[in-house]
Amino acid sequence: MCYFCTMKQMDFGVWVRRQLGCRVQKLAVDAGFTCPNRDGRISTGGCTFCSNAAFSPGYCNPARSVTQQLEDGKRFFSRKYKDMKYLAYFQAFSGTYAPVGRLRSLYEEALAVPDVVGLVVATRPDCVPPQVMDLLEEFHRRTFLIVEYGLESMSDYTLCRIRRGHTLAQSVQAVRETAGRGIRVGTHIILGFPWEEREELLHQADVLAGLPVTTLKLHQLQVVRGTQLAREYAARPWPMWTAEEYIGTVLAYTSRLPAHWVLERLISLSPQHLVVAPCWGLKSHEFAALLAQRDRA
């Protein structure tokens, strides 16, 4: 069921099929990258909310090659759909945080896998120095490419409080420079930090709306086991949004965004055994139904 059938923005699945002329599935890859917020360049603790285990599919294993992971992912999805094509999704940690030669080799390896028709590279706004940006532009001219930035918030206060390690100015610069080179820009935002009031979030939506974005992922704040956020929550729990409150905020937030943007995701479905809160217990189609019902009301 499509999340977005009653919203003004387009659903990612519909959009990407129009772009490539076929049914397309993203296949996550863990290429063994780390992050400047973990390896000591900025910090060693990482973002307070971050848990790679909460979003990595079972076939992702950095001990296996990019080719092996993609072939495993293809076998998994080919049971559901025939004639599927794939985007290699460098998802884990920061997918541009390596020397250019290694990045080139990894991206080339992914594109050499049969039925892989493009790349999605997830990264941070502070991990795209000029030589990496040149490389991304080169691949953009050769294949379908989305560079997906984890912005997480359009508030410097929030970015500092969650130990993100970059600023709003860096986010804006990275998005503008990437789009300025003709590259499709994906963005990721988390809604529900307890100190961000509704009016502040809507202001952030207006700031985000002024950027040259192609695709957007939203999801609710989740407290995941093993994170700094989980330790903070255990020490002093705060009220978490209900699903109804989150849906209302999503509808208000997306109403401020341009109609030509593409909405890729509006909810996170992390494994329930890892989630401390909120425990909504919703499946994707149930969330979609609630969203559509609220939007029609």
Side-chain angles (χ1 to χ4, degrees), residues 1-13 47-51 53-55 148-155 157-159 161-162 164 171 186-209 213 215-225 227-230 232-234 236-259 261-297:
M1 184 174 185
C2 174
Y3 292 159
F4 319 116
C5 54
T6 60
M7 304 174 77
K8 65 181 182 179
Q9 290 87 10
M10 186 180 296
D11 168 57
F12 180 83
C47 304
T48 63
F49 60 86
C50 184
S51 171
F55 56 79
E148 181 181 290
Y149 288 112
L151 305 184
E152 315 314 350
S153 175
M154 304 304 289
S155 160
Y157 175 78
T158 295
L159 293 174
R161 188 156 175 178
I162 63 176
R164 183 65 185 157
S171 296
T187 49
H188 182 268
I189 296 287
I190 299 172
L191 301 180
F193 293 111
W195 54 84
E196 291 188 340
E197 300 290 340
R198 181 183 173 90
E199 288 307 312
E200 162 64 12
L201 282 175
L202 296 183
H203 170 70
Q204 289 189 38
D206 293 336
V207 175
L208 183 64
V213 167
T215 69
L216 173 67
K217 291 180 180 176
L218 297 176
H219 78 68
Q220 76 279 22
L221 177 67
Q222 289 187 304
V223 179
V224 177
R225 299 185 192 282
T227 63
Q228 176 60 33
L229 195 68
E232 294 173 8
Y233 186 78
R236 185 176 294 180
W238 59 84
M240 301 293 290
W241 284 353
T242 66
E244 291 74 17
E245 289 171 328
Y246 176 68
I247 286 170
T249 302
V250 165
L251 291 171
Y253 194 98
T254 56
S255 73
R256 315 287 276 257
L257 303 178
W261 283 21
V262 177
L263 297 180
E264 183 170 357
R265 190 179 70 197
L266 296 180
I267 186 174
S268 177
L269 299 174
S270 299
Q272 283 302 300
H273 70 279
L274 295 178
V275 178
V276 177
C279 298
W280 294 341
L282 289 174
K283 299 185 183 301
S284 179
H285 71 277
E286 294 170 332
F287 176 82
L290 288 173
L291 181 74
Q293 181 181 15
R294 176 68 177 270
D295 196 34
R296 290 193 298 266

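Values below: all heavy atoms of this structure, side chains included; hydrogens, waters and symmetry mates excluded. What you see is a predicted model; the values in this text were computed from it and never measured.
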Does any N or O in the side chain of K283 come within less than 3.5 Å of the main-chain N or O of L269, such that one atom is a donor and the other an acceptor? no

Looking only at non-hydrogen atoms, find the nearest pair between L282 and A243 and report the distance. CD1-CB, 3.8 Å

Measure the shortest side-chain to side-chain distance between L221 and L191 over non-hydrogen atoms and say whether it is less than 4.5 angstrom. no

Between CD1 on residue I247 and CH2 on residue W280, distance to nearest 0.5 Å: 7.5 Å

If you look at every heavy atom in A277 and Y233, which pair is closest and at what distance? CB-OH, 3.8 Å

Partner of L263 under side-chain contact (heavy atoms from CB on, under 4.5 Å), picked from L216, L218, T215, is L216

Neighbour count >12 (heavy atoms, 6.0 Å) for atom CD, E197: no

Value for CZ (F193) from OG1 (T48), rounded to nearest 0.5 Å, stands at 6.5 Å

Taking the side chain as C-beta and beyond, is there a heavy-atom pair between L151 and H188 under 4.5 Å? no

Measure from the side-chain N and O atoms of K8 to the backbone N and O of S255, and report whether any donor-acceptor pair falls under 3.5 Å. yes

Is the shortest side-chain heavy-atom distance between R294 and L251 below 4.5 Å? yes

Quick one: are L201 and S155 in side-chain contact, heavy atoms under 4.5 Å? no

Heavy atoms, side chains only, cut-off 4.5 Å: are M240 and V223 in contact? yes

Rounded to the nearest 0.5 Å, what separates atom OG1 in T227 from atom CD in Q222? 10.5 Å

Looking only at atom types and distance, does a side-chain atom of Q204 sit under 3.5 Å from a main-chain N or O of M154, one as donor and one as acceptor? yes

Nearest 0.5 Å, please: how far is OG in S171 from CG in L159? 6.0 Å

Side-chain heavy atoms of H219 within contact of I190, under 4.5 Å: yes

Between C47 and I162, is there a side-chain heavy-atom distance shorter than 4.5 Å? no

Please give me the minimum heavy-atom distance between I189 and S153, naming the atom from each residue. CD1-N, 4.0 Å

Taking the side chain as everything from C-beta on, heavy atoms only, tell me whether R164 gets closer than 4.5 Å to F49. yes

T249 (side chain) donor-acceptor with E245 (main chain) under 3.5 angstrom: yes

Whether Q9 side chain and L257 backbone form a donor-acceptor pair below 3.5 Å: yes

How long is the straight-line distance from CG of L291 back to OH of Y246, given to the nearest 0.5 Å? 9.5 Å

N/O donor-acceptor pair under 3.5 Å between R225 side chain and H273 backbone: yes

Closest heavy-atom pair, P278 versus Q220, reported as atoms and distance to 0.1 Å, is CG-CG, 4.5 Å

Value rounded to 0.5 Å, distance of OG1 in T187 from CH2 in W261: 5.5 Å

